[in-house]
Number of protein chains: 2
Amino acid sequence: MTQISTVDSILDAAETLFAEKGFAETSLRNITSEAGVNLAAVNYHFGSKEKLIQAVFARFLDPFSEHLNTQLLERFTDDEVQPDIKELLELFAYTVYAMRMERLKTKDQTFVRLIGLAFNQGEGHMLKFIREKYGDVFKRYMGLYRRACPNVPDEELFWRIHFALGAAMFSLSGFEILARIAPQETLSEPPSIITVYKYIIPFLVAGMSADSQT
Amino acid sequence: MTQISTVDSILDAAETLFAEKGFAETSLRNITSEAGVNLAAVNYHFGSKEKLIQAVFARFLDPFSEHLNTQLLERFTDDEVQPDIKELLELFAYTVYAMRMERLKTKDQTFVRLIGLAFNQGEGHMLKFIREKYGDVFKRYMGLYRRACPNVPDEELFWRIHFALGAAMFSLSGFEILARIAPQETLSEPPSIITVYKYIIPFLVAGMSADSQT
DNA sequence: TACTGTTTTAAACGCTTATTTGAAACAGCA
DNA sequence: TGCTGTTTCAAATAAGCGTTTAAAACAGTA
């Protein structure tokens with residue numbers, strides 16, 4: 001067990017607690033006592049609670065968007081070829097999953113829950129922060145769907161992508177609660193979050209490929 | 001303009017503010033000053049903030065579940081006929097829309113945002129309250145999907161329904177923000193929340209009807 | 001009018017919050 | 001060792017929170 005810095009233990013604790021309870025419900029005293037550091041450390045190292053929240057997001061969104069971006073440039077270079085919807089969805093899912101694997105102590109649904117929080121209780125400035133920092137990668141990703149679904153008009157495609165985003169975020173971030181009430185196919189196999197990945201891909205592929213509502 | 005009671009103005013203000021900012025971020029002082037009533041009125045009429053939250057939910061979920069239930073019993077009585085997925089989705093969408101129409105002052109996405117809050121920051125006891133009060137109607141509704149998708153196993157169908165729920169909740173509750181950045185098909189027609197209803201139905205029908213992941 | 005129960009009011013309660021402060025502890029270097 | 005900049009610490013600050021209280025205002029009835 002290597003010694004980790006004050007900054008990192010604050011980020012670790014904040015990430016976990018934010019994902020579990022939300023921003024407002026998590027106090028700095030919660031975070032610092034969980035991290036085993038002094039209360040004043042947050043304001044010393046980050047300046048304010050607000051900036052701590054942004055730092056938590058930056059820590060996992062930076063590698064996430066970088067990973068996604070390099071994969072996009074690597075695997076979808078040819079402008080002539082029509083990208084495969086399933087491949088696009090799987091790439092995104094795998095990137096989320098890879099981020100999770102990089103830090104073993106983090107729970108499966110932590111990242112998705114944080115993203116959901118940004119949308120639901122960020123009061124705008126959180127989404128603004130995310131859009132400004134990571135908007136370009138997202139736009140490039142959306143552009144590939146544009147090419148993958150040439151028969152779907154721009155407006156409808158925009159909403160379809162957000163339908164997909166919502167489906168994924170809701171089911172993944174609420175996985176722990178939902179898995180408890182979900183029926184199980186086989187008793188031998190305990191329900192893991194992989195199940196959701198397995199089921200959601202064909203669901204979204206079908207939705208994205210549906211005939212347009214002209 | 002008819003005079004409304006203290007209780008109702010508290011519920012109105014609480015509903016709006018909760019949907020906008022969440023439970024924890026909305027103080028009783030916010031609510032009572034917005035409602036134009038005394039601070040103590042909340043604890044006098046509702047007992048506590050917690051019970052006020054439940055009252056806000058009950059006020060719109062009671063008529064919602066009743067409307068949905070009567071429609072289900074009315075239109076899907078015959079156990080032999082296989083229900084149509086599109087009809088099931090449209091019934092749900094219409095019920096949400098009808099609840100919105102009943103109270104004109106309420107914003108389009110208020111109800112969906114509240115439901116989303118219950119899932120995201122209810123800390124369990126909110127979902128418990130909803131499940132206990134409205135679980136039966138939801139189960140009956142889910143049972144119809146069971147019959148409508150005979151080739152999809154229970155577990156996969158369960159997740160598909162929650163994918164659909166997530167897609168709807170995310171896009172509807174975030175409509176105001178998303179509509180601002182969405183491309184518009186025709187400039188003549190201003191983007192309304194009806195657009196989302198129009199687009200999401202075929203998306204979800206296709207997803208729910210997709211081949212199972214056996 | 002006098003008495004009733006209900007509702008509203010202003011003020012206070014005790015507690016938690018984010019943030020600030022100044023001193024103490026620590027590091028690296030002369 | 002003595003100095004310097006960085007980091008940690010306990011304590012205090014001011015503000016906001018949900019909730020309670022006791023008195024005032026109100027409505028209905030006898």
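These figures come from a predicted structure and were not determined experimentally. Letters go in sequence order (proteins before strands), and every chain restarts at 1. Values reported hereafter were calculated over all heavy atoms of this structure, with side chains retained and with hydrogens, waters and symmetry mates removed.
- Between A/Lys107 and A/Glu176 a salt bridge is recorded (basic side-chain N to carboxylate O distance below 4.0 Å).
- Within a 6.0 Å radius of NZ in B/Lys49, more than 12 heavy atoms belonging to other residues, nucleotides or ligands are found.
- With hydrogens and angles left out, the side chain of B/Arg29 and the base of D/dG18 share a donor-acceptor pair within 3.5 Å.
- Distance CZ (A/Phe46) to P (C/dA18): 15 Å, rounded to an integer number of Å.
- In this structure, B/Thr6 reaches the C/dT8 phosphate: one of its side-chain N or O atoms is under 4.0 Å from OP1 or OP2.
- Residue A/Ser27 has no polar side-chain atom (N or O) positioned under 4.0 Å from OP1 or OP2 of C/dT16.
- Here the C1' atom of nucleotide C/dT17 and the CD atom of B/Glu25 are 14 Å apart, to the nearest Å.
- For D/dA10, one of the phosphate oxygens OP1 or OP2 lies less than 4.0 angstrom from a side-chain nitrogen or oxygen of A/Asn38.
- The side chain of B/Ser48 contributes no N or O atom lying less than 4.0 Å from OP1 or OP2 of D/dG18.
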>> Would A/Tyr145 and A/Tyr141 count as a ring-ring contact (aromatic ring centres under 6.0 Å, His included) here? Give the steps.
In response: CA-CA 7 Å; A/Tyr145 279 103; A/Tyr141 186 64; 5.1 Å; yes

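- Nucleic acid contact for B/Thr32: none, since no nucleic acid atom lies under 4.0 Å from a heavy atom of the residue.
- Proximity note for A/Tyr44 (side chain, C-beta onward) versus C/dT17, C/dA11, D/dT8: the nearest is D/dT8.
- Nearest to the side chain of A/Lys49, among C/dT9, C/dT19, D/dT19, sits C/dT19.
- Between A/His45 and D/dT6 there is no side-chain polar atom (N or O) within less than 4.0 angstrom of OP1 or OP2.
- Within 4.0 Å of A/Ala41, counting heavy atoms only, lies no atom of the nucleic acid at all.
- Between A/Glu15 and A/Arg59 there is a salt bridge, since at least one side-chain N of the basic residue sits less than 4.0 Å from a carboxylate O of the acidic one.
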